[in-house]
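Data first, discussion second: the structure below is written as C-alpha cells.
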Amino acid sequence: LAFLSYNYAFTPKFSLRTRVGMDWLQYRLQNCEKYSKLHPRLSINLQYRLKAGMLLWSSSYNNSNYRMDIINQARIGVNPYLIQTGNPDLKSGRTLNSYLYYSGQIKRLGLSAIVQYKLEQDPVVHNYYVQDDYIVKSFINSGNIHYYSAILAASYKFNKIFSLSGDMRYNYTSVNSVNDFGSNNLTGNLNANIYLGDFSISPFVNFRNKVVNTTSLDIVETPINYGLECTFSKGNFFAELNILSPFSSRIFRKTYLNELFRYYSEEDLRTSSQFCNI
C-alpha cells in the first residue's frame with residue numbers, strides 16, 4: 001500500500017482532505033497461475049464547520065482483495081449433496097462509497113443525519129452449479145450491488161440525571177448479480193441513561209433489522225433486542241449487571257432463493273437472549 005495525503009483549508013470553516021494511493025496485490029497458489037495487479041485508491045473529504053455543528057461530504061473509491069479461503073481450489077464436502085470450493089480466477093471488484101453527514105447541537109438537543117450511497121461493481125458472490133452429481137458452491141464476480149441508506153439520530157439531555165437517545169434507519173439494497181432482487185429495511189434504536197450517584201442504569205431497545213449479506217446474497221433477519229445495563233463504581237470497586245431479552249428468545253432467520261439452490265433457516269441463539277451476567 002502507498003498513499004499520498006493532501007489537506008487544504010480554504011477558510012477557517014471550510015477544509016479539504018484527500019488521500020490518493022495504490023495497492024499492489026500478488027499471490028500464487030500451488031498449481032495455479034501467479035496473480036499480480038496494481039489498483040488505484042482515492043478518498044476525498046470536504047468539511048464545513050457550522051455555528052454549532054458540522055457538515056461533511058465524503059467519497060471513496062477502492063478495490064476488494066480476497067482471502068486465501070476464497071481463491072483456493074480445495075474442495076470441502078458440506079453434506080452428501082453440496083461441495084464448497086474457491087475460485088483462483090477472480091478479478092478485483094471495485095467499490096464506490098459516498099455519503100453526506102450532518103451533526104449539530106441545539107441547546108440540549110443533539111442531532112445527526114447521514115445519507116449514503118454505495119456501489120459494488122463485480123462483487124464476489126456465491127455461485128452454485130452442478131458437477132458430477134453434486135451441487136458445487138463457489139465464488140464468482142458478477143453484476144453489481146447498489147446500497148442506499150438514510151439515518152436520523154437525536155439525543156436529548158433533560159438534566160444531569162436523565163438523558164435519552166435514539167435513531168431511525170432506512171436502507172434499500174438492490175442486487176443485480178446471480179440473483180436479482182431488492183430488499184427494504186426500516187429499523188431503529190432507543191437508549192436511556194440514568195445516573196444516580198455511583199449508579200448508572202441504561203435500558204435499551206434495538207428494533208428488528210434485516211440485512212443483505214453481499215457475499216452469500218442471503219437475507220439475515222435479526223429480531224428485536226432489548227435489555228438493561230446497570231453499573232456501580234466507587235473508588236477501586238466496579239460492578240456491572242447486564243440483562244438481555246429476559247422474557248423472549250431471539251430467532252435469527254436466513255433466507256436464500258436461487259434457481260438451483262435455496263434455503264431457509266431459523267436459529268435460536270440462547271447465548272444472545274434470555275441471559276443475565278454480573
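What you see is a predicted model, and the numbers here were worked out from it, not measured in a lab.
With no hydrogens or angles considered, a side-chain donor-acceptor pair links Glu240 and Asn242 at under 3.5 Å. Under 3.5 Å, the side chains of His126 and Ser216 contain no donor-acceptor pair of N or O atoms.
Interatomic distance, Leu50 CG to Ser103 OG, rounded to the nearest 0.5 Å: 8.0 Å. For the atom pair CG of Asn127 and NZ of Lys137, the computed distance is 11.5 Å after rounding to the nearest 0.5 Å. Taking CD1 of Ile278 as the start and CG of Leu241 as the end, the distance is 5.5 Å to the nearest 0.5 Å. Here the CD1-CG distance, from Ile219 to Leu257, works out to 7.5 Å after rounding to the nearest 0.5 Å.
Exactly one of Ile151, Leu186, Leu190 qualifies for a side chain to side chain contact (heavy atoms under 4.5 Å, CB included) with Met168. That residue is Leu186.
The aromatic rings of Tyr8 and Tyr6 sit parallel to each other, their planes meeting at less than 30°, with 60° as the upper class boundary.
Geometrically, Arg262 does not engage Tyr256 in a cation-pi contact defined by less than 6.0 Å to the ring centre and at most 45° from the axis.
Grouping the Ile, Leu, Val, Met, Phe, Trp and Tyr side chains by contacts below 4.5 angstrom, directly or via other members, places Tyr148 apart from Leu217.
With respect to the salt-bridge test (charged N to carboxylate O, under 4.0 angstrom), the residues Asp198 and Lys234 qualify. A salt bridge is defined here as a Lys NZ or Arg NE, NH1 or NH2 lying under 4.0 Å from an Asp or Glu carboxylate O, and Arg253 with Glu266 meets this definition. Salt-bridge formation is not detected for the pair Arg250/Asp268: no Lys NZ or Arg NE/NH1/NH2 atom is positioned less than 4.0 Å from an Asp or Glu carboxylate oxygen.
Applying the ring pair (Phe, Tyr, Trp, His ring centres under 6.0 Å) test to residues at least two apart or on different chains, none of the pairs has a partner in residues 90-114.
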